[in-house]
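Just so you know, these numbers use all the heavy atoms, side chains as well, and skip hydrogens, waters and symmetry mates. Residues take their numbers from the sequence shown, with the count starting at 1.
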Amino acid sequence: MPETHNTFCRICEALCGLEVDVDEGRIVDIRPDAAHVGTEGFGCPKGLKQHMLYDSPDRLRHPLRRVGNGYRKATWDEAYDDIGSRVARLRRDHGPDSIAMYVGTAAGFSVLHPIFAQGFMNGLGSGSMYSSSTQDCANKFSGARHVYGFPFTQPFPDLENVRCLIIAGANPVVSKWSFLQVSNPVRRLKSVAARGGKVWVLDPRRTETARVAGEHVFIRPNTDVFFFLSFLNELIATGGVDRQRVDQYMTGYDELDALARKWSPERTEPVTGVAAATLRRMVEDFRTADGSALYCSTGVNMGTNGTLCFWLQEAINAVSGNLDRRGGTLVSRGIVDFVKFGKRSGTLMREDRSRIGGFRAVNDAFPGGILADEILTPGRDRVRALFVTGGNPLITMANAGRLREAFKNLELLVTLDIYQNETASLAHWALPCTSPFERADLPFVFPLMLGLQSRPYLQATRPVIQADGEQRDEATIYLDLCKASGVNLFASSIAQKLLEVARNRHSARHPDRQPSIPQEAILSLLLRIGRQGSFRKLLEEAHGRPLPSHDSEAFLGKRVVTDDNKVHLAPTELMEQAEKLEGDFALEQQSLSMRQENGHSLRLITKRAVTTHNSWTHNIEDFAGPGRDTNHLYMHPDDAAASGVGEGDIADVESATATVRLPVKLISELMPGTVALPHGWGHQHAIGLSVAGRTSGVNVNLLAADGPENLERVSGMAQLTGIPVSVRPAAGPRDCRSWSGITDPAEADATGPSR
């Protein structure tokens with residue numbers, strides 16, 4: 001008979017409570033946990049079928065070493081000896097910064113993985129950190145540091161009480177809620193209307209979110225910053241500023257006011273496509289509701305002015321009196337005050353700048369968009385070795401074709417993952433890691449340390465199954481890599497020695513398993529520091545432990561960590577960045593004029609399906625089998641006709657960096673002038689993905705530009721949405737698979753200049 005385990009999902013922020021049935025060491029079924037205190041029986045298709053991903057015959061089950069053009073099975077001792085000796089040599093001969101790390105999204109949904117990965121880099125003395133955040137959310141971290149004093153101060157809408165919610169560039173019905181843990185987003189959004197509130201959705205596409213909750217407003221891609229400026233302009237003009245709160249808790253209002261005065265709704269209407277009358281109705285709803293919140297996500301973040309958009313959003317929430325207010329936006333804290341700790345210790349507050357482009361580190365990491373340049377540009381500290389942990393940059397990063405060529409120049413590429421994906425297919429070493437169901441855990445850093453949960457709770461989980469091969473958890477791997485490289489984790493000989501002793505004792509008690517640090521003991525220590533008792537005690541509350549609801553009026557004047565303890569409405573660096581907006585506005589006017597003249601100037605946005613999560617789930621037959629084995633270019637019928645393509649036709653999509661070829665689907669939900677291409681596809685290079693490798697989808701990020709001249713200065717983010725493209729009928733072979741190089745994985749799946 002199957003044995004049922006209570007656990008929780010760790011593939012996105014929703015962290016849905018699950019019941020997992022295990023029979024003879026294998027997961028046979030996953031169901032939502034109806035009794036879970038936070039997620040109340042909600043689960044998405046990805047979470048309920050994730051065991052198919054982890055149980056695949058493609059799973060990495062032992063270390064792989066590249067030998068010539070192929071790979072062979074190796075032992076862990078061989079892996080540590082070779083990697084450690086190479087790292088030690090590079091560190092000695094070229095300096096610690098010649099060794100870099102890329103931390104992917106999968107690392108973030110575990111507690112110990114990112115901590116120990118950073119500890120390895122600290123031990124090396126290397127500051128060459130890169131992360132997936134510079135693809136989709138570094139603007140929020142950078143903006144928060146300027147406005148609130150710390151990057152992880154991330155206010156969120158009080159979904160339990162909000163009466164007017166304006167969502168810009170987000171689709172929580174499909175993508176869930178960025179940073180914030182929100183289960184069952186459809187029900188939660190509908191509850192706003194049920195209590196008499198209003199939801200507005202601002203997006204170039206009438207999204208799934210717009211269809212189930214609220215009023216949809218089209219906006220031209222990459223013009224959000226002008227919408228926010230006009231929104232602020234109208235808010236000030238209609239008396240929507242709480243001057244008492246502003247004067248007591250904030251600085252820089254006069255400078256912010258002067259900036260907004262230039263951007264009336266009438267001025268921005270032609271560029272944004274948002275009618276002045278509609279914008280005024282939105283402001284009126286926002287201004288008069290008993291609790292309002294503006295919220296943006298990746299559709300705004302990934303444009304050319306993502307940091308300015310986030311700043312203006314936060315300024316609007318603040319000056320209207322909705323920041324730190326019931327029904328507005330709240331700033332919570334987790335089981336420990338991580339913001340206070342980070343500010344005092346300097347954690348995530350590095351001030352150094354990158355060798356290429358002079359970008360300031362955000363969350364102690366440099367922009368992914370300069371990684372190719374850091375590898376290819378000669379000089380001291382040139383990146384010669386790269387560790388990729390829980391990520392797949394050759395799918396997720398801008399100008400992936402150029403990045404692939406850069407990776408081929410590395411002297412050492414090591415991946416830590418559960419598959420040999422696109423990036424791991426170039427690696428010198430592919431190290432096999434445990435899946436979420438094969439390790440003990442707590443909710444990841446955002447809910448645990450920051451309290452970013454719409455309904456606060458805690459939960460602990462043990463492994464529900466044991467690894468079926470030689471997979472090891474990432475924390476243990478980094479501890480052992482430190483030893484092999486002749487350095488100490490966190491640059492602390494005491495920490496290294498204590499953890500080695502703990503690892504050896506724990507492994508001696510479990511000789512039938514792969515060596516491991518005592519994860520439960522370490523997680524229990526973290527809980528005790530937060531005065532939450534032991535890990536074992538928390539396990540007894542199988543459906544989660546409810547925590548007190550969030551407090552309002554607990555942030556302003558109390559936990560703002562700027563030097564003067566006030567919210568900065570006009571940070572110098574952001575005001576300087578705003579000076580270029582007149583030029584950006586002129587470019588948008590020019591682009592609009594070109595479209596009106598020839599009808600062929602299009603803007604590309606991305607999208608995803610409920611069955612896909614970035615690039616993770618395309619190796620499940622249920623999600624990427626026949627009939628679901630490609631992404632499509634979504635076009636408005638009018639744009640398709642003007643471009644000479646129709647439903648099912650094969651089209652070439654060209655940007656300044658590349659051309660991709662794929663079939664067309666027509667949808668009227670798109671704003672004319674906008675085309676949409678789902679991200680996460682393009683697996684033809686992966687030698688270890690038997691399902692995904694047979695798909696014919698293309699990587700949208702081939703169309704995005706990298707390099708320092710193409711990144712936003714403040715956050716270092718590349719432009720991954722609103723990309724200017726042209727669309728035409730396919731020229732040459734109409735078969736996407738052969739054209740994209742699937743018959744020869746050594747060939748690229750794009751044409752065009754690669755800089």
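Between Phe286 and Phe231, the closest side-chain pair of non-hydrogen atoms falls below 4.5 Å. Side-chain contact between Leu569 and Thr251: absent, with no pair of heavy atoms (C-beta onward) separated by less than 4.5 Å. Two residues are said to be in side-chain contact when any heavy atoms from C-beta on lie closer than 4.5 Å; Val192 and Val162 meet this criterion. Val339 has its side chain out of reach of Val331: every pair of non-hydrogen atoms, C-beta onward, lies at least 4.5 Å apart. Counting only heavy atoms from C-beta outward, the side chains of Tyr634 and Pro678 approach each other to under 4.5 Å. Using a 4.5 Å cut-off on side-chain heavy atoms (C-beta onward), Leu702 and Asn399 make no contact. Residues Pro393 and Gln135 fail the side-chain proximity criterion, which asks for heavy atoms closer than 4.5 Å. Contact check for Val675 versus Arg603: no side-chain heavy atoms found under the 4.5 Å cut-off.
Here the CG atom belonging to Leu711 is positioned 13.0 Å from the CZ atom belonging to Phe366, to the nearest 0.5 angstrom. For the atom pair CG (Leu180) and CG (Leu159), the distance works out to 6.0 Å, reported to the nearest 0.5 Å. Once rounded to the nearest 0.5 Å, the distance linking NE2 of His632 with CD1 of Ile667 reads 11.5 Å. Atoms NE2 and CG, on His550 and Asp324 in that order, are 12.5 Å from each other to the nearest 0.5 Å. Here the CG-CG distance, from Leu202 to Asp224, works out to 6.5 Å after rounding to the nearest 0.5 Å. Rounded to the nearest 0.5 angstrom, Lys580 NZ and Leu308 CG are separated by 6.5 Å.
A salt bridge is absent between Asp158 and Arg163: the closest approach of a Lys/Arg side-chain nitrogen to an acidic carboxylate oxygen does not fall below 4.0 angstrom. A salt bridge links Arg360 with Glu573: at least one charged nitrogen is closer than 4.0 Å to a carboxylate oxygen. The pair Arg281-Glu284 does not meet the salt-bridge criterion, since no charged nitrogen lies less than 4.0 angstrom from a carboxylate oxygen. Salt bridge Glu160/Arg188: present, at least one basic N to carboxylate O contact under 4.0 Å. Lys198 and Glu215 are joined by a salt bridge, as a carboxylate oxygen and a charged side-chain nitrogen come within less than 4.0 angstrom of each other. A salt bridge links Arg402 with Asp373; the closest basic N to acidic carboxylate O contact falls under 4.0 Å.
A distance of 6.0 Å or more separates the ring centres of Phe156 and Phe179. For Phe152 and Phe446, the ring centers are positioned less than 6.0 Å apart.
Applying the side-chain hydrogen bond (donor to acceptor under 3.5 Å, both in side chains) test to residues at least two apart or on different chains, the pairs with a partner in residues 308-317 are Tyr148-Glu314. Legend: salt bridge (Lys or Arg N to Asp or Glu O under 4.0 Å) pairs involving residues 226-236, not counting sequence neighbours, sorted by first then second residue: Glu234-Arg280.
Side-chain N or O atoms of Arg206 include none that pairs as donor or acceptor with a backbone N or O of Glu669 at under 3.5 Å. Side-chain atoms of Gln154 come within 3.5 Å of backbone N or O of Lys140 as a donor-acceptor pair. Counting only distance, with no hydrogens or angles, the side chain of Asp257 and the backbone of Tyr253 share no donor-acceptor pair below 3.5 Å. With hydrogens and angles disregarded, no donor-acceptor distance shorter than 3.5 Å links the side chain of Gln719 to the backbone of Thr304. Between the side chain of Ser320 and the backbone N or O of Ile316, at least one donor-acceptor pair lies under 3.5 Å. The backbone N or O of Asn322 lies less than 3.5 Å from no partner atom in the side chain of Ser292, so there is not a single donor-acceptor pair. The main-chain N or O of Gly306 is found under 3.5 Å from a side-chain atom of Glu712 such that the two form a donor-acceptor pair. No side-chain donor-acceptor contact under 3.5 Å links Asn363 to the backbone of Ala365. In this structure a side-chain-to-backbone donor-acceptor pair under 3.5 Å is missing from Thr659 to Glu654. With Ser593 contributing its side chain and Gln589 its backbone, the two residues share no donor-acceptor pair below 3.5 Å.
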### Task
Please report the C-alpha distance between Leu670 and Ile605 in whole Å, then the side-chain angles of each, then the deciding distance to 0.1 Å, and finally whether the side-chain contact (heavy atoms from CB on, under 4.5 Å) criterion is met.
CA-CA 10 Å; Leu670 276 171; Ile605 63 173; 4.2 Å; yes
### Query
Do Leu556 and Val567 pass the side-chain contact (heavy atoms from CB on, under 4.5 Å) test, and can you show the C-alpha distance, the side-chain angles, and the key distance before you say yes or no?
CA-CA 8 Å; Leu556 294 175; Val567 175; 3.7 Å; yes
#### Entry: CA sep, side-chain torsions, deciding dist, call: Leu165, Leu189, side-chain contact (heavy atoms from CB on, under 4.5 Å)
CA-CA 9 Å; Leu165 177 62; Leu189 289 169; 3.9 Å; yes
### Task
Apply side-chain contact (heavy atoms from CB on, under 4.5 Å) to the pair Leu256 and Leu312, showing each step before the final yes or no.
CA-CA 9 Å; Leu256 184 71; Leu312 291 168; 4.2 Å; yes
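With a 6.0 Å cutoff to the six-membered ring centre and a 45° limit on the axis angle, Arg713 counts as a cation-pi contact of Phe359. Under the 6.0 Å distance and 45° angle rule, Arg267 counts as a cation-pi partner of Trp263.
Closest heavy-atom contact between Arg145 and Arg350: NH1-O, 3.2 Å. Closest approach of Val714 to Val362, counting heavy atoms only: O-CG2, 4.2 Å. Summarising the geometry of Val700 relative to Leu604, their closest heavy-atom pair is CG2-CD2, 3.7 Å, with the distance given to 0.1 Å. Between Arg245 and Glu553, the shortest heavy-atom contact is NH2-CG, 4.3 Å. Contact record, Pro367 with Gly716: CB-O, 3.2 Å, taken as the closest heavy-atom pair. Residues Ala318 and Leu323 approach most closely at CA-CB, 3.7 Å, considering heavy atoms.
In the model, Asn233 has no side-chain atom that pairs as donor or acceptor with a side-chain atom of Lys262 under 3.5 Å. Side-chain atoms of Asp285 and Trp200 form a donor-acceptor pair, as typed in the model, at a separation below 3.5 Å. Donor-acceptor pairing under 3.5 Å is lacking for the side chains of Asp136 and Asn301. Residues Thr606 and Thr721 bring no donor and acceptor atom of their side chains to less than 3.5 Å of each other. At a cut-off of 3.5 Å, with distance as the only test, no side-chain donor of Asn171 or Asp203 sits close to an acceptor on the other residue. Ser142 and Thr307 share no donor-acceptor pair across their side chains, judged by distance under 3.5 Å alone. Judged purely by distance below 3.5 Å, without hydrogens or angles, the side chains of Gln181 and Ser454 never pair a donor atom with an acceptor atom.
Atom CG of Asp563 is surrounded by 12 or fewer heavy atoms from other residues, nucleotides or ligands within 6.0 Å.
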